[in-house]
2 protein chains.
Amino acid sequence: MTGMELRHLRYFVAVADYGGFSRAARRLYVSQSALSEQIADLESELGVQLFDRSRLRTVLTAPGELFLKEARKLLSGADAAIKVARLSASGDLGEIRIGFFTGGVGPNFPRLIQRFRQSHPRVHIALHEMIPALQWKALADGTIDIAFTRRLEVPYSNFLTSEVLRKDPLYAVLPKNHPLARDVVDIRALSHERFVMCARETSPSLFDKMIELCSEAGFSPEIVNTANVWSSIVLLVQAGEGIAILPANTLQELPKTGLVFCPLKQKNASIDLVMAWSPDRESTVLRHLQQLIREAGGKV
Amino acid sequence: MTGMELRHLRYFVAVADYGGFSRAARRLYVSQSALSEQIADLESELGVQLFDRSRLRTVLTAPGELFLKEARKLLSGADAAIKVARLSASGDLGEIRIGFFTGGVGPNFPRLIQRFRQSHPRVHIALHEMIPALQWKALADGTIDIAFTRRLEVPYSNFLTSEVLRKDPLYAVLPKNHPLARDVVDIRALSHERFVMCARETSPSLFDKMIELCSEAGFSPEIVNTANVWSSIVLLVQAGEGIAILPANTLQELPKTGLVFCPLKQKNASIDLVMAWSPDRESTVLRHLQQLIREAGGKV
DNA sequence: GTCATCTTATCGGTTTTTCCGATCAGCCCC
DNA sequence: GGGGCTGATCGGAAAAACCGATAAGATGAC
């Protein structure tokens, strides 16, 4: 009496379907005695007689009839479970939760997601918009599976994996009549400017990169104001508060009346867009998505 | 590779729930090695890695996570299946299809059915109204499980079981001014009467019993008319077509203006109401219903 | 880096279970 | 009443599940 097993159910269904132990045994390629014993085991386990063997053709009892339906359900359920596991392992079934942030991913991102959705119709895709710091936290505690984010900072860089997709060059945002409003600007020329910054909580990578660049150029920037959205920063520049440094990819969507956007001369004047994930929680679905992103040249 | 078994699922769920092979093994009272082997078997059967064992705490892979849900469903389904079989065996779950016929069962029948329904709420009761000959056929081919019917005739009496519930005495239905309209009538006094009969197809038992009684009394009845419903027969008697012989239990509901109902003197002047079933297809539910009927004194 | 301590995997050997083949008893039809 | 079915039962063989010991790997304290 070691508990009911699927083998019991397989045998039981066969006996019911083929209308007898001998017939079923032939179909199953087992001996009639083995079948007989297994069914007897099952019946004693249940404490229920499943077959009426008194007549020539073995026939189900009333409880047997009901149990047959349940047994069929279980067996097909078992097949389904196996299928689920295999589909999931092959990356054709499951879920992927993606973190992104505005200003990070561009218009190509939805197109890539759409392509992934089409090639993996049985994978549920959950998109979560969150700022980079929250993305890292979400990756760490498993709330999301992959993030399109800024370069990882400690401690997250210790246990998360990341891959640079794109380098967004930084541009100086200057009033049109500004004396430095030329093609390329050397950041060292901006040492006495007044700066409108993005709040550090909103975009620490940009803020820190900016500080770093100035530091390398030998000065500490005078910050006269901060804002939380790109358009507000631009508005402040238009109003003459000061100048700003913004990543190139955000500029297209911004108003540019009265402004000039100038690339910075410094080679490292750029911030990275990376995709990051937890190496402990890799899955085939995740790898498929990564592969798609890589094949698209990382252009998200 | 002998196929997935419920044991594999039980072990798998335990390992997932207790977060490790060793912990699960302690809870299951099996050795860690046994558990390890079984899970390895399962994984190779599926062709899917279910756990990530690289870290201290064993953790599910993405396919493992999905498979866990399926495994839980299957295990609780297995429990449910066992429950279904046991409930059915104890007569607390299932279906019973009952055949009856008007004129056979009386006003107490619905009350008894109602009582059975209350004591067996999970048993589906299907009531089928059909004339006795059809009841027997339905019993024979398993369309119904029990019938409240007339005494079985060959060939059905050979393989169906029956039990007499009630004897309905036969009454002579006479016009009020009939010379024999007294308390008790001897059938021999009716030898020269004209008879209104129930059509044999409608009620062969009554018809045959009537013929039998007359035959025993030494005459063959003159049948002047037949009808298919009791009220029509009575109407014909009221109209002076002849006299009739009807079972007592039908008389209450019939119009009796201008008529007298007289019991017959003959001891065997009665027809039986029986319950019949197929002994090959007995079930606990069936036996419970029979028991209820018997405890009610067969008064249906 | 090393040790202590946890983890799971692997290996013989034992126990348990399943399976087989033969045989027996019951039912049905001829 | 035999011949041909049925399923049940038996002893022995094959397969499996299981165990205990041990190895290999990861983690965390020092």
Side-chain angles (χ1 to χ4, degrees), chain A residues 1-46 48-61 64 140 155 158-159 278-282, chain B residues 1-46 48-61 64 140 155 158-159 278-282:
Chain A
M1 189 99 63
T2 174
M4 184 174 75
E5 294 294 344
L6 288 179
R7 172 173 28 80
H8 293 120
L9 303 183
R10 285 188 271 262
Y11 285 179
F12 167 67
V13 170
V15 172
D17 281 351
Y18 297 125
F21 289 70
S22 306
R23 268 180 291 276
R26 278 192 289 275
R27 301 302 201 96
L28 291 173
Y29 299 104
V30 295
S31 72
Q32 171 263 319
S33 59
L35 211 46
S36 194
E37 282 178 18
Q38 291 300 311
I39 299 292
D41 275 5
L42 178 58
E43 287 180 323
S44 93
E45 169 85 17
L46 298 177
V48 172
Q49 185 150 352
L50 296 171
F51 290 105
D52 179 4
R53 297 137 158 109
S54 68
R55 347 206 81 250
L56 188 61
R57 184 173 181 82
T58 304
V59 69
L60 287 163
T61 60
N158 294 324
F159 48 84
S278 168
D280 296 343
R281 236 177 1 271
E282 282 194 25
Chain B
M1 188 99 65
T2 173
M4 184 173 76
E5 294 294 343
L6 288 179
R7 170 173 31 79
H8 293 120
L9 303 183
R10 285 188 272 261
Y11 286 180
F12 167 69
V13 170
V15 172
D17 281 349
Y18 297 125
F21 290 70
S22 307
R23 270 181 289 277
R26 279 193 288 275
R27 301 302 202 95
L28 291 173
Y29 299 103
V30 295
S31 71
Q32 172 264 318
S33 60
L35 210 46
S36 194
E37 283 178 17
Q38 291 300 311
I39 300 293
D41 275 5
L42 178 58
E43 287 180 323
S44 94
E45 169 86 18
L46 298 177
V48 171
Q49 186 152 351
L50 296 171
F51 290 105
D52 180 4
R53 299 138 158 107
S54 68
R55 346 205 81 251
L56 191 61
R57 184 174 180 82
T58 303
V59 69
L60 286 164
T61 60
N158 293 325
F159 48 85
S278 168
D280 297 343
R281 235 173 7 267
E282 282 194 25

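Quick note on labels: first sequence line is chain A, next is B, and so on, each numbered from 1.
Of the side-chain N and O atoms in A:R55, none sit less than 4.0 angstrom from OP1 or OP2 of D:dT6. Taking 4.0 angstrom as the limit, B:R57 places none of its side-chain polar atoms (N or O) nearer than this to OP1 or OP2 of C:dT8. Close to C:dC19, at under 4.0 Å from its OP1 or OP2, lies a side-chain N or O of A:Y11. Between D:dC18 and B:Q38, a contact under 4.0 Å exists linking OP1 or OP2 to a side-chain N or O. Side-chain nitrogen and oxygen atoms of B:S54 include none within less than 4.0 Å of the OP1 or OP2 phosphate oxygen of D:dA26. Of the side-chain N and O atoms in B:S31, none sit less than 4.0 angstrom from OP1 or OP2 of D:dG20. The phosphate of D:dC5 has neither OP1 nor OP2 within less than 4.0 Å of any side-chain N or O from A:R23. Neither OP1 nor OP2 of C:dT10 sits under 4.0 Å from any side-chain N or O of B:S36. Distances shorter than 4.0 Å separate none of the side-chain N or O atoms of A:Y29 from OP1 or OP2 on C:dC20. Using a 4.0 Å cut-off, no side-chain N or O of B:S33 falls inside it from OP1 or OP2 of D:dG20.
The CG atom of B:D52 sits 12 Å away from the C1' atom of D:dA26 (whole-angstrom rounding). Between B:R53 atom CZ and D:dT27 atom C1' there is a gap of 19 Å when expressed in whole angstrom units. Taking atom CZ of residue B:F21 and atom C1' of nucleotide D:dC18, one finds them 16 Å apart after rounding to whole Å. The interatomic distance linking B:D41 (CG) with D:dA15 (P) rounds to 15 Å, in whole Å. One interatomic measurement links the two molecules: CG of A:L35 to P of C:dT18, which rounds to 13 Å at whole-angstrom precision. Rounded to whole angstrom, the span from the CG atom of B:L42 across to the P atom of D:dA17 amounts to 12 Å. Remark: P of D:dC18 and CD1 of B:I39 are 11 Å apart, rounded to the nearest angstrom. Across the protein-nucleic acid pair, B:D280 atom CG and C:dC28 atom P stand 9 Å apart, rounded to whole Å.
Within 3.5 Å, no donor on the side chain of A:E37 pairs with an acceptor on the base of D:dA8, nor the reverse.
No donor-acceptor distance shorter than 3.5 angstrom exists from the side chain of B:Q32 to the backbone of B:S22, with no hydrogens or angles considered. Within the 3.5 Å criterion, the main-chain N or O of B:Y18 finds a donor-acceptor partner in the side chain of B:R23. Listed for the B:T61 side chain is a donor-acceptor partner under 3.5 Å among the backbone atoms of B:L50. Checked by atom type and distance alone, the side chain of A:E43 never pairs as donor or acceptor with a backbone atom of A:Q49 at under 3.5 Å.
If you check C:dC6, D:dC19, C:dT8 against the side chain of B:S22, the one that comes closest is C:dT8. In this structure, of D:dA17, D:dT27, D:dC19, it is D:dC19 that holds the atom nearest to the side chain of B:A34.
Of the charged side-chain nitrogens involved, none lies within less than 4.0 Å of a carboxylate oxygen, so that A:R7 and A:E37 do not count as a salt-bridged pair.
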inquiry  = Checking A:L35 against A:L28 for the side-chain contact (heavy atoms from CB on, under 4.5 Å) test, could you report, in this order, the C-alpha distance in whole Å, the side-chain angles of both residues, the deciding distance, and whether it holds?
reply    = CA-CA 9 Å; A:L35 211 46; A:L28 291 173; 3.9 Å; yes
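Among the heavy atoms of the strands lying under 4.0 Å from B:R7 are primed sugar atoms or P, OP1, OP2 only; no base atom is included.
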